[in-house]
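Everything on this sheet refers to the single structure shown next.
On a predicted model such as this, the values are computed, not experimentally measured, just so you know.
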Amino acid sequence: MSFSSLDPSEIHQLGHGVQNAGKGLTDCAARIGAILNEVELAHPGVAAIGRVGQWLTDQAPDLYRRRDLAYEAEKIDVDVFGNRLPGAVVRPGLTRIDESRLIPAGVRAEAGLAASLMQAAARGDADATERLLAYHGRMSDPRFATALIEQLGAWGLVMLPAAMGAQVRMALDAGDGSAQALRRRNREVLSMLGKALATATDPSKDAHVTRRFQEELKRQGRAEIPVPGMRGQLTIHGYGALGQILAAAPAEAFSTSFMTTIGHDLIRWDRDFLKQHGEWPLARDLDAYDLPAPLDTRPFSGSGDIGVVDPVAALLTVAGSSRERAQALIGSRDLLTYLLRDRRPQWEMGDRGESLGEAMEAAMKGSDADSKRLAVMATQIYSDVVGSHLSIDDAGNIGIKDASELDRLSGARDNMARILAEHTEDMVFAHFQRHPRLPDDQLTGEVDGRATARFNPTDLDRVLLDVAIDDQAYQALLHAQLAHLRGGIDLGLATRDKDFTDNAIALDSAALGHLSEARRTALVGWGREADAADEALRKLVKEGVGLVPVPFAQQVGKLGINAADGIYESFIRDGYVKAGDWLVKQSGHAGGKTKEAYSDAASDDIAAQELVKQMLASSAVAHGAYRRDDLNERFVIGDPPRVKDPILMSRDEYDGFSRWLADNSTVPADFGEARQSADTGATTFQKNVRAGTSSDG
C-alpha cells in the first residue's frame with residue numbers, strides 16, 4: 001500500500017502510533033539498561049531496541065508532514081492540531097504534493113494565538129496589542145505568516161480594519177480623546193498584518209497561501225460586509241478594508257503576483273463600483289454617520305482632516321516602491337486608461353493622482369524596454385484626454401475648455417514630466433522622426449543595443465501642454481533639456497565632429513522651442529501671464545548655465561577622444577533631470593557675463609541662441625577647440641598659453657572672448673541655427689496641438 005492511497009486521517013493515526021511506539025521502545029530500552037546496570041550486566045540487544053525506538057520517533061514528523069500535504073492536496077479543512085473537521089471528504093486517487101504547505105503544527109498553533117490577539121486588538125484590547133508585539137519579527141517568516149493569514153481567513157482579514165473603524169467611531173462619539181491612542185495601536189497591528197500578507201502572498205517563498213485563498217480574498221474584497229458592533233447600520237466593502245491594511249504598510253514588498261491577482265481585481269472592482277454608483281465615498285472624521293479610518297491617515301497630501309484612504313491610492317503607493325511591482329500593476333492599456341482617463345472624478349476627491357503619478361514614475365522612468373513602452377502608452381492616453389479639452393478661437397489661438405477637469409489629475413503632472421524628462425533623448429528625436437501613433441507592440445525600438453521610445457510628436461506636445469502649467473514639472477523638463485543639449489555640444493567638440501555638433505544644436509533647440517511654447521500656451525490657457533513662459537530660460541541664460549562644462553570634460557584630452565562617449569554617458573547616468581539640476585546649481589558662478597540684450601529678450605528663441613553660444617564657448621575652452629597661434633588676448637593665461645575658463649572670466653573678458661571665438665574656433669557653428677530651430681519648434685508645437693482640434697465657432 002502506498003501513502004497516496006491512504007486517507008489523511010489514517011496517516012494521522014499511523015503517525016500517532018509510530019510516535020507512541022518509538023517512545024515506548026526507547027523507554028523500555030532505558031529501563032532494561034538500568035536493571036542490567038544494577039547487576040553489572042550488559043546486552044547488545046538493549047542498544048538495538050533503543051536504536052529502533054529512536055528511529056520510529058524520527059519517522060513520526062515525516063508521517064505528519066505527509067498528512068499535512070495530503071490535507072492540502074485534497075483541500076481538507078483541519079483544526080490547529082491536524083484533526084480533520086467534520087464533514088470533510090477525501091476524494092479517491094493519487095494526490096499532488098505541494099511542499100509550500102509544509103508548516104509544522106507548532107508554528108500553526110503559534111500563528112493561531114497571534115490571530116486571536118489580532119482579533120482582540122481590533123476590538124480595542126490594548127493588552128492584546130502589547131502581547132502581539134512579541135510576534136513582530138515573525139511576520140516576515142513565510143511559514144508563520146502563511147499560517148497566520150490562513151488562520152484569519154479572507155473574511156477575517158478584511159474584518160479587522162472594519163472592527164477597528166467601529167472602535168474609532170465609538171471613541172470619536174464619546175469625545176474622551178481616546179481615538180488618537182487607539183489609532184496608534186491600530187497602526188501597529190495593521191502594519192504587522194500588512195507585512196504578513198505581503199509575505200504569505202509571495203509565491204517565491206517556501207510557504208505561501210494557495211490560489212484558493214486568493215480567490216476567496218477577491219470574493220470577500222468585492223463583498224459588502226456589515227461592520228461588527230454597528231447593529232447592521234454600517235457596512236464596508238472588503239477592498240476598502242484591504243486598502244486600509246495597505247495604507248499601514250506602504251513600504252512592504254508585495255509580490256508582482258499579488259499585483260496581478262489581487263491588485264488587478266481591486267482596480268477592476270473600483271471601476272465596476274464607480275460605473276454603477278458614480279463615486280467611491282472617502283469618509284472623514286467629520287462624517288458622523290460613516291465608518292472612520294482605523295488609522296490617522298489623510299486622504300491626500302496636505303489634508304487637514306483624517307480620513308479613510310482611497311484603496312486604489314494605497315495599492316498604487318505600495319506598487320510604486322519598485323519598478324517591477326509598478327509595471328506588473330499598471331502594465332496593461334486597459335487598466336492604465338481607466339486610471340488616467342476614467343477615474344479622474346474620483347482622483348479629485350482624494351490625492352489628485354499623486355499616488356498614480358508615483359507608480360507611473362516607478363514603472364516608466366527606466367531605460368528598459370518595458371519602461372519606455374509604458375511611457376509611450378501613457379502619452380497616448382494622456383494626449384486623448386487633453387485633446388478633448390482643447391479649442392481654437394476665431395483668431396487661431398489655442399484655448400482650454402474646462403481646465404478644472406484637467407486639474408483633477410494635477411498631482412501626477414510633476415511625475416509625468418519627470419518620466420518624459422528621463423526620455424529626453426527619445427523626445428528630441430521624436431520631433432525629428434515624426435513617428436505616427438503606433439500600436440502597443442511597436443512602441444519601442446532599438447538603436448545601438450539600447451531600447452528607444454517611439455513617441456508620436458502630437459501626443460508629446462499635448463502632454464507637454466498639460467504638465468507645463470505646473471512649475472515643478474516645467475522645471476524638470478527644462479533642466480533635462482539643458483542637460484541633453486549640454487552633453488551633445490560638449491561631445492561634439494570633444495570629438496571634433498562638426499556634423500554631430502550642428503545636429504545637436506538643431507534638434508535640441510527645436511525641442512526647446514516645443515517646450516517653451518508649451519509653457520506659454522499653458523499659461524495663457526490657464527489664465528496666467530504669458531511673460532512668465534520665457535522668464536525661467538532667460539534667468540538661466542543670464543546666470544550662465546551654458547558656461548558650465550560637462551563634469552570631467554577636461555579629461556577627454558588625457559584619456560583620448562574615444563573615451564568621450566563614456567564621459568558623457570556618466571554625466572547623465574543618474575538621469576537627465578539630475579544632470580540638469582547640477583548644471584543649474586553651478587550656473588550661478590558664471591552669472592553677470594551675458595549681454596543684457598539677451599537676458600532681457602522677450603522670446604525664448606533669442607535666449608536659446610545665447611544659450612548655445614555659451615555652451616559652444618565653454619566646450620571650446622574645455623577641449624581646446626580653438627586656434628593657438630598668437631594667444632595674447634587678456635583672457636589668455638598660463639605657460640604654455642591657454643584660454644581662461646569662461647566661468648572665471650570677468651564680463652569684459654567674456655565679451656572679448658565671445659568676439660574672438662567667432663573667428664578662431666576650430667569647430668565653427670552657426671549661432672543663428674539655434675534661434676531658427678527654436679522658432680521652428682514653437683511653430684510646430686502649435687500645429688501639432690491644433691491637429692484634430694475643433695473650433696469654438
Side-chain angles (χ1 to χ4, degrees), residues 424-433 447-448 480-515 537 540-541 544-557 559-572 576 579-580 583 590 598 605-628 642-643 645-647 654 657-681:
T424 295
E425 176 99 357
D426 299 323
M427 289 176 60
V428 168
F429 283 100
H431 292 304
F432 169 70
Q433 295 165 329
V447 175
D448 296 332
Q481 189 62 59
L482 290 175
H484 190 267
L485 177 57
R486 170 74 278 183
I489 290 178
D490 218 48
L491 179 58
L493 267 72
T495 56
R496 306 297 194 267
D497 190 333
K498 182 180 184 303
D499 290 339
F500 183 92
T501 305
D502 289 343
N503 287 334
I505 293 171
L507 295 178
D508 277 86
S509 297
L512 194 57
H514 280 263
L515 177 58
L537 181 57
L540 291 176
V541 171
V545 69
L547 297 178
V548 182
V550 169
F552 318 118
Q554 68 277 7
Q555 295 183 19
V556 173
L559 300 176
I561 297 299
N562 292 334
D565 283 310
I567 289 176
Y568 300 101
E569 205 172 282
S570 67
F571 173 55
I572 51 91
Y576 285 109
L583 288 173
Y598 290 114
D605 56 345
I606 299 177
Q609 174 179 307
E610 179 62 19
L611 175 67
V612 169
K613 187 176 180 180
Q614 289 179 358
M615 289 182 175
L616 285 168
S618 61
S619 291
V621 171
H623 303 299
Y626 52 82
R627 295 186 181 90
R628 296 181 177 275
R642 58 182 175 83
V643 174
D645 190 326
I647 289 181
Y654 178 73
F657 165 69
S658 298
R659 291 190 295 270
W660 176 86
L661 186 63
D663 297 324
N664 291 277
S665 172
T666 58
V667 189
D670 182 5
F671 301 144
E673 173 66 25
R675 181 175 180 179
Q676 180 180 348
S677 295
D679 184 65
T680 300

Query - Partners meeting side chain to side chain contact (heavy atoms under 4.5 Å, CB included) with Glu569 (sequence neighbours left out) - result: Arg450
Report task. Sequence neighbours left out, what passes side-chain hydrogen bond (donor to acceptor under 3.5 Å, both in side chains) with Ser619? Give chain and number order. Result -> Arg486, Asp490
**Report entry** Sub-4.5 Å side-chain heavy-atom contact between Leu537 and Leu515
**Finding:** no
Query raised in the report: With Ala480, which residues qualify under side chain to side chain contact (heavy atoms under 4.5 Å, CB included), at least two apart?
Result: Ala421, Thr424, Tyr576, Val577
Query raised in the report: Which residue, Thr495, Asp502, Thr501, forms the side chain to side chain donor-acceptor pair (under 3.5 Å) with Lys498?
Result: Asp502
Query raised in the report: Closest approach of Leu661 and Ala620, non-hydrogen atoms and distance?
Result: CD1-CB, 4.0 Å
Query raised in the report: Who pairs with Asn503 by side chain to side chain contact (heavy atoms under 4.5 Å, CB included), at least two apart in sequence or on another chain?
Result: none
Query - Atom of Val612, atom of Ile489 and distance for their closest heavy-atom approach - result: CG1-CD1, 4.1 Å
Query raised in the report: What pair of heavy atoms forms the shortest contact from Ser509 to Ile505, and how long is it?
Result: OG-O, 2.6 Å
Query raised in the report: Does the side chain of Leu611 come within less than 4.5 Å of Leu482's, by heavy atoms?
Result: yes
Report summary line: In short, Val541 meets Gln614 closest at the heavy-atom pair O-NE2, 2.8 Å
Query raised in the report: Considering all heavy atoms of both residues, which atom of Ala511 and which atom of Gln481 are nearest to each other, and what is their separation?
Result: CB-OE1, 3.6 Å
Query raised in the report: In chain order, what residues pass the ring pair (Phe, Tyr, Trp, His ring centres under 6.0 Å) check against Tyr626, with sequence neighbours excluded?
Result: Trp660
Query raised in the report: Hey, are the side chains of Val447 and Phe429 touching, using non-hydrogen atoms and a 4.5 Å cut-off?
Result: no
Query raised in the report: Which atom pair, heavy atoms only, marks the closest approach of Pro646 to Ala617?
Result: CG-O, 4.3 Å
